[in-house]
Amino acid sequence: MIEIRNLCKSFITPASQANILHNISLTIEKGKWYTIIGDAGTGKTIFLGCVAGLLAPTIGEVLYDNIQIYQLSDKARSNYRRKHIGFVYQNFKFLPHYSIMDNVILPFIHDEPRKTLYPKALTLLQQAGIHAELFECFPEDLSSEEKYRVAIARALLGNPSVLIIDEPTAYLDAKACYEVLNLLSFYRNQGQTIIMATRDKEAAQLSDYTYKLIDKQLVQVD
Ligand SMILES: Nc1ncnc2c1ncn2[C@@H]1O[C@H](COP(=O)(O)OP(=O)(O)OP(=O)(O)O)[C@@H](O)[C@H]1O
């Protein structure tokens, strides 16, 4: 369903060249959970950005259902991304002065009326274990675990083909981490495709496939 072909990513300036990813090929199957583990600075976020249509590879291709997303115009790729990709950022990117419910709904407010978005957001927030009394709170009122849960609900509101998650276990203690991973497992069991990057190899235990990013390349782990 997602085909990553010979992906290389470098950052080139007149003074230097930083080669981050080299010749990565991977097929992402529908309904499976892929975990990319790697130490800090190995290129996990860069890899997710390339797969998500946010960062053009220097060489190589990313195809969604045979469509080369980097051959699309910026506008078409942006539309494609909105439709197909739900992204949970490492730092969430919440709007601090908007309520939790607004943070979930606002990314889609130009696509659909609030009155149809609201019940979907309500269901996703409830599935994510967010109690109704938190809906009108602000992001800063939430615990780290609750923030992850809200960010996952927001990423799923557009019913994306793939949920991409950058480091879901950062800032969480072991129990909270376990709970968030269980929530992801629930969605994978419902058929959601997931690509997750993390430094924590223990976080890969519920996923279907684990790869390690090492020396700029992906190596499958057991
Ligand atoms: N625009 C850029 N120009 C040059 N180097 C960059 C640029 N953006 C990122 N890098 C470098 O790419 C490397 C990989 O960064 P990336 O954020 O993908 O790592 P990561 O594996 O996600 O790390 P972490 O686990 O800390 O989040 C880093 O060494 C970073 O400095």
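Every number for a ligand or one of its atoms is a count from 1 in the order of the listing. Here, residue 1 is the first one in the sequence, and each next residue gets the next number.
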Can you sort out which atoms of ligand 1 are near [X], meaning under 4.0 Å from one of its heavy atoms?
| X | value |
| --- | --- |
| D39 | 21 (O) |
| G41 | 13 (C), 14 (C), 19 (O), 20 (P), 21 (O), 23 (O), 24 (P), 26 (O), 28 (C), 29 (O) |
| G43 | 14 (C), 16 (P), 18 (O), 19 (O), 20 (P), 21 (O) |

Side chains of Y148 and E179: donor-acceptor distance under 3.5 Å anywhere?
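Per modelled atom types, Y148 and E179 side chains form no pair under 3.5 Å.
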Please give me the minimum heavy-atom distance between I69 and V51, naming the atom from each residue.
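So the two residues come closest at CD1-O, 3.9 Å.
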If you look at every heavy atom in H97 and F138, which pair is closest and at what distance?
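In this case the closest contact between H97 and F138 is O-CE2, 3.4 Å.
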Short question: side chain of R5, backbone of I24 - any donor-acceptor pair under 3.5 Å?
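The answer is no, because no donor-acceptor pair under 3.5 Å joins these two groups.
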Answer with yes or no after comparing the ring centroid distance for Y89 and F87 against a 6.0 Å cut-off, counting only values under it.
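Distance test on ring centres: under 6.0 Å, yes.
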At what distance is the nearest protein heavy atom to [atom], and which residue and atom is it?
| atom | result |
| --- | --- |
| atom 15 (O) of ligand 1 | I46 CG1, 3.9 Å |
| atom 5 (N) of ligand 1 | F11 CD1, 3.6 Å |
| atom 17 (O) of ligand 1 | T45 CB, 3.6 Å |

Quick check with a 6.0 Å cut-off and a 45 degree axis cone: is K175 positioned over the face of Y178's six-membered ring?
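Because its charged atom misses either the 6.0 Å distance or the 45° angle limit, K175 does not stack over Y178.
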Would you verify whether the NZ or CZ of K9 falls within 45 degrees of the ring axis of F11 while also being under 6.0 Å from that six-membered ring's centre?
yes
Between Q17, K216, R199, which one has a non-hydrogen atom sitting closest to atom 24 (P) of ligand 1?
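Minimum heavy-atom distance to atom 24 (P) of ligand 1 goes to R199.
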From Q90, K44, E167 - option closest to atom 21 (O) of ligand 1 by heavy atom:
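Result: the heavy atom closest to atom 21 (O) of ligand 1 is in K44.
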Checking heavy atoms under 4.0 Å, the part of I20 that sits near ligand 1 is side chain
Do any non-hydrogen protein atoms sit less than 4.0 Å from atom 30 (C) of ligand 1?
no
